[in-house]
There are 2 protein chains.
Amino acid sequence: MLPSYDKELQSHGCKVTPQRSLILDILHESLAHTMTADEIVGLAREQQPNISAGTVYRNLNTLCELGLLKCLDSVGDGRHYELNTGHHHHLVCLGCRQRVAIDFCPMNSEVRDLAEKSGFAVEDHNFEIKGYCTKCRAGAKRSPDTNGGMI
Amino acid sequence: MLPSYDKELQSHGCKVTPQRSLILDILHESLAHTMTADEIVGLAREQQPNISAGTVYRNLNTLCELGLLKCLDSVGDGRHYELNTGHHHHLVCLGCRQRVAIDFCPMNSEVRDLAEKSGFAVEDHNFEIKGYCTKCRAGAKRSPDTNGGMI
DNA sequence: CTCTAAATAGTATTCGTTACTATTTAATAA
DNA sequence: TTATTAAATAGTAACGAATACTATTTAGAG
Ligand SMILES: [Mn+2]
Ligand SMILES: [Mn+2]
Ligand SMILES: [Zn+2]
Ligand SMILES: [Zn+2]
């Protein structure tokens with residue numbers, strides 16, 4: 001069952017448009033993974049063929065600002081988006097570039113203290129494990145030594 | 001004292017050019033931090049005013065492939081480069097975007113086992129702590145709520 | 001010094017993303 | 001329901017980081 005984000009949107013003074021709802025639905029369909037803006041445009045056009053790429057980009061930014069989405073980044077594969085389902089990290093496949101949630105967080109008071117010891121005010125953190133998923137282990141599309149040191 | 005990378009370059013069949021040496025020198029000057037390609041171009045032109053941006057980009061890629069450099073990435077601030085001085089992670093300032101080395105690595109056999117339990121072949125990992133450095137804590141240039149959910 | 005493959009400078013091109021603008025539409029109130 | 005209006009959209013233009021291309025230069029070998 002798709003949860004409705006209507007009230008969440010309206011509470012922020014946002015209008016509920018078909019484009020906005022579709023983007024949220026698409027991201028809800030793949031809760032365990034993440035998607036690029038381009039992938040979202042492609043899937044969105046299956047249901048709204050005339051949706052503008054600009055609309056998708058604009059809404060992804062808006063929904064990130066509202067805290068409904070999270071934006072991730074990695075060397076060599078641009079931005080990825082996902083529903084903000086709470087703090088977690090990912091396994092990143094260097095073959096198919098899919099990101100899968102992992103249930104481990106390295107941040108604890110010990111690490112935080114280490115960072116703050118140098119006068120740093122900690123706000124957030126990022127952790128990702130890179131490698132090859134089960135599918136890509138067989139016929140690895142990008143071997144570790146052919147991706148330009150951009151693992 | 002600047003170490004010479006001449007032999008390292010030549011052992012890979014690379015020519016030692018002034019441009020290449022300059023890029024390595026510049027990155028050696030700021031061992032604790034990282035730099036964007038654009039910043040490197042700017043500093044390089046102080047010594048070689050006619051150096052082409054394309055040359056810098058091309059060499060950064062080449063030197064990454066050779067393993068002399070590492071390329072990092074984060075949401076909202078493009079690629080950063082540093083000398084490959086061995087495995088380490090960074091504090092990332094959300095104000096000035098500077099990256100400072102941190103002496104902590106979350107990867108251990110326990111975490112590795114967790115990732116491999118799902119059929120994932122671990123190759124690498126990334127960890128970064130985001131916040132505000134001492135300088136930026138005072139007059140924070142970007143507050144956490146104005147950077148579009150792109151912490 | 002000569003030769004040649006590699007590298008460079010300068011320019012054009014690509015591609016993801018953002019900006020702009022006329023038109024449409026969601027939400028509110030009459 | 002209709003009228004009103006600010007927000008959102010589609011379509012297009014513009015942007016900027018990165019790459020591709022090409023004529024020229026150069027590092028390194030003989
Ligand atoms: Mn996730
Ligand atoms: Mn470093
Ligand atoms: Zn965490
Ligand atoms: Zn590590």
Side-chain angles (χ1 to χ4, degrees), chain A residues 4-24 34-42 44-45 47-66 68-69 71-81 97 147-150, chain B residues 4-24 34-42 44-45 47-66 68-69 71-81 97 147-150:
Chain A
S4 170
Y5 293 94
D6 295 8
K7 286 172 185 167
E8 179 91 29
L9 289 173
Q10 286 172 330
S11 75
H12 286 92
C14 276
K15 291 183 178 177
V16 178
T17 67
Q19 292 86 347
R20 222 160 247 170
S21 300
L22 176 56
I23 290 168
L24 288 165
T34 65
M35 308 181 71
T36 64
D38 204 54
E39 288 169 339
I40 295 167
V41 170
R45 287 193 169 146
Q47 298 189 242
Q48 296 185 21
N50 288 326
I51 193 171
S52 170
T55 296
V56 173
Y57 278 101
R58 182 167 20 78
N59 275 305
L60 289 174
N61 285 340
T62 301
L63 295 170
C64 281
E65 284 167 24
L66 298 190
L68 285 170
L69 302 186
C71 178
L72 317 163
D73 205 4
S74 265
V75 171
D77 200 36
R79 296 177 186 170
H80 279 240
Y81 295 89
R97 292 294 176 180
N147 64 358
M150 292 200 177
Chain B
S4 170
Y5 292 94
D6 296 6
K7 287 173 186 167
E8 179 91 29
L9 290 172
Q10 287 173 328
S11 75
H12 286 92
C14 276
K15 291 182 177 177
V16 178
T17 67
Q19 293 85 348
R20 221 161 248 169
S21 299
L22 177 56
I23 290 168
L24 288 165
T34 65
M35 309 181 71
T36 63
D38 205 53
E39 288 169 340
I40 294 166
V41 170
R45 287 192 170 147
Q47 297 191 243
Q48 296 184 22
N50 289 326
I51 193 172
S52 170
T55 296
V56 173
Y57 278 102
R58 182 167 19 79
N59 275 305
L60 289 173
N61 285 340
T62 302
L63 296 170
C64 282
E65 284 168 26
L66 298 190
L68 285 169
L69 301 185
C71 178
L72 316 162
D73 204 5
S74 266
V75 171
D77 201 36
R79 297 178 187 172
H80 279 242
Y81 295 88
R97 292 294 176 182
N147 63 359
M150 291 199 179

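Because only heavy atoms are used, hydrogens play no part in the values below, and waters and symmetry mates are left out as well, while side chains stay in. Throughout, protein chains are lettered first and strands after them, A, B, ... in sequence-line order, and every chain is numbered starting at 1.
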Would one find a side-chain N or O of [X] under 4.0 angstrom from OP1 or OP2 of [N]?
{"X": "B:R79", "N": "D:dT19", "value": "yes"}
{"X": "A:T17", "N": "D:dA7", "value": "no"}
{"X": "A:S52", "N": "D:dG11", "value": "no"}
{"X": "B:Q19", "N": "C:dA7", "value": "no"}
{"X": "A:Y57", "N": "C:dT17", "value": "yes"}
{"X": "A:N61", "N": "C:dT18", "value": "yes"}

**Prompt:** Between OG1 of B:T17 and CD of B:Q48, what distance do you get to the nearest 0.5 Å?
**Reply:** 8.0 Å

**Prompt:** Got a second to check how far A:M35's CE is from A:I40's CD1, nearest 0.5 Å?
**Reply:** 5.5 Å

**Asked** Toward the 5' end of DNA chain D, which comes first, B:A37 or B:P18, by nearest nucleotide?
**Response** B:A37

**Prompt:** Toward the 5' end of DNA chain D, which comes first, B:G54 or B:Q10, by nearest nucleotide?
**Reply:** B:G54

For the pair made of [atom1] in [X] and [atom2] in [N], what is the distance, rounded to whole Å?
{"X": "B:K15", "N": "C:dT4", "atom1": "NZ", "atom2": "P", "answer": "13 Å"}
{"X": "A:L63", "N": "D:dA8", "atom1": "CG", "atom2": "C1'", "answer": "13 Å"}
{"X": "B:L60", "N": "D:dA18", "atom1": "CG", "atom2": "P", "answer": "9 Å"}
{"X": "B:L22", "N": "C:dA9", "atom1": "CG", "atom2": "P", "answer": "11 Å"}
{"X": "A:L9", "N": "D:dA6", "atom1": "CG", "atom2": "C1'", "answer": "17 Å"}
{"X": "A:L24", "N": "D:dA8", "atom1": "CG", "atom2": "P", "answer": "14 Å"}
{"X": "B:N59", "N": "C:dA7", "atom1": "CG", "atom2": "P", "answer": "8 Å"}
{"X": "B:Q48", "N": "C:dT8", "atom1": "CD", "atom2": "P", "answer": "9 Å"}

**Request:** Report which part of the nucleic acid A:R58 touches: base, sugar-phosphate, or nothing (heavy-atom distance under 4.0 Å, all strands).
**Result:** base

**Prompt:** With sugar-phosphate meaning primed atoms plus P, OP1 and OP2, does A:D38 contact a base, only sugar-phosphate, or nothing at under 4.0 Å between heavy atoms?
**Reply:** nothing

**Request:** Search all heavy atoms of A:T34 against all heavy atoms of A:E39 and return the closest pair with its distance.
**Result:** O-OE1, 4.3 Å

**Prompt:** Which nucleotide in the set C:dA5, C:dA9, D:dA8 lies at the smallest distance from any side-chain heavy atom of B:I51?
**Reply:** C:dA9

**Asked** Can you check whether A:L9 reaches A:L63 side chain to side chain, under 4.5 Å on heavy atoms?
**Response** yes

**Message:** Check whether B:S21 reaches the backbone of B:P18 with its side chain - one donor and one acceptor, N or O, closer than 3.5 Å.
**Reply:** no

